[in-house]
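Notes follow once the structure below has been shown.
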Amino acid sequence: MHVAHIVEQLSLSVIEDADLAREVSGGYASDLLSCVMAGAAAGNVWVTLQCHPNVVAVASLLELSAVIITEDMVPDEETMHKAHEARVNLLGTAEDTFTVVGRLTGLGVEGNRPG
Amino acid sequence: MLSLLIDLHLHTVLSACAEVEMIPPLIVERALALGLGLIGIADHNCAANVGAVIEAARGTGLTVLPGMEVQSREEVHMLCVFDTLAQVEAWQRTVDDALPELPNREDYFGAQYVVDAAGAHRYTEERLLATSTSLSVEQVAVGVDTLGGLCIPAHIDRPSFSILSNLGFIPQGLPISGVEITPRAIDLTKFGSGELAIAENRTFPRHDERFSSVFKGSDRAFEQDRTTEMYLTSVWKSVKYNTGTARYGVLVDSDAHRLADMGAHTCVRVAAPTVAELGLALSGEKGRRTFLYLPAE
């Protein structure tokens, strides 16, 4: 599944369009970036309401396919600038994380198996 | 130069989670008993009890620096320390504007008391203080720095409300002088107990250079400081990665919410008990130094 399919199905806004043809390997949701660094896998779509510039650094470091920022949180200018530079797909929605994760699961996007 | 034991992170009865014993005269009495020369008052998002503690300490030789513990919009706790009440009041206006208008739920969180120097009740703060402001960590650090204060990410070893847990690593270019860890961060099993003993007679500086915490010096000094490295490793598995190439001074504060938790874990060598001198001590500049003392048990 490509990021573009998720954008269409969940009617997400595209804050930074780096490459929506990226393959989605699964999903991860947390607002604690230390947990994301330990728990998310390459190609995952990450659902969070955190929009600090470090979000982009973590997404880039882990080569995540996209970040979905929930509850209409507006990323700082610095975050958007960094997303553009690091070519990170930044997506947005008014829905909360619970709802977005439920809809992703409905699309067949799965979480990572523990261990 | 003075050698001062410091504890920059103390809560008073204004913090809902603090015990009612955290009133100015008892905080001052306990600080003096511990041999502390300088304390910082850091209630959640509010400095309303700072003046009372300063007054309670008058004539005792104990320096009380006004401050608060601000919660950023990323839920990161940041220690904000100033020299004067005027500075902290200016900072309070910024924080007040950034604090949501939510009522405190005393039955759930506890009461938030504003008291006088004797500890007598003046009024009860009705706003919920221990919640996130709309300020980013950058806005907090820059705001405090601009006012001449010292901004220090609080208890970075904690799994919640800390810059490392919430943001993964310390953002580059943040104007901070150092980072704070809790006494609990120290893994005593990694050290021989003999190396940990705090000087009984409290004459300072009596320290082991291996416990020095000047991380902002040259990389070589950092690498050579094996004990320090082990110490940091025990603090946070990947702290070297998390802090990137920057070197931050480290201090240990008690973050005490009750008198028994107050402690003397950090000693600074400074020319005066001021924010500017503490900044130099955390950076290890101009002969100012920070030394960490581990629990005596």
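Because only heavy atoms are used, hydrogens play no part in the values below, and waters and symmetry mates are left out as well, while side chains stay in. Chain A is the first sequence line, chain B the second, and so forth, proteins listed ahead of strands; every chain is numbered from 1.
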If the contact rule is any heavy atom under 4.5 Å from chain A, which residues of [range] qualify, in numerical order?
| range | value |
| --- | --- |
| residues 68-77 of chain B | B/R73, B/E74 |
| residues 129-145 of chain B | B/V137, B/E138 |
| residues 97-106 of chain B | none |

Between CG of A/L33 and CG of B/L164, what distance do you get to the nearest 0.5 Å?
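Going from CG on A/L33 over to CG on B/L164, the span is 11.0 Å.
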Quick one: pull up OG in B/S162 and CG in A/L32 and give me the separation to the nearest 0.5 Å.
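It comes to 8.5 Å.
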Answer yes or no: is there a donor N or O on one side and an acceptor on the other, between the side chain of A/N54 and the main chain of B/L167, under 3.5 Å?
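Answer holds: yes.
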Which residues, numbered in order, of residues 40-53 of chain A come under 4.5 angstrom of chain B by heavy-atom distance?
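Within residues 40-53 of chain A, the residues under 4.5 Å from chain B are A/Q50, A/H52.
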Check the surroundings of atom CD in A/E77: do more than 12 heavy atoms from other residues, nucleotides or ligands lie under 6.0 Å from it?
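For A/E77, atom CD is not crowded (no more than 12 foreign heavy atoms under 6.0 Å).
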Could you check whether atom NE2 of A/H84 has more than 12 heavy atoms from other residues, nucleotides or ligands sitting under 6.0 Å from it?
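Atom NE2 in A/H84 is not crowded, with 12 or fewer foreign heavy atoms closer than 6.0 Å.
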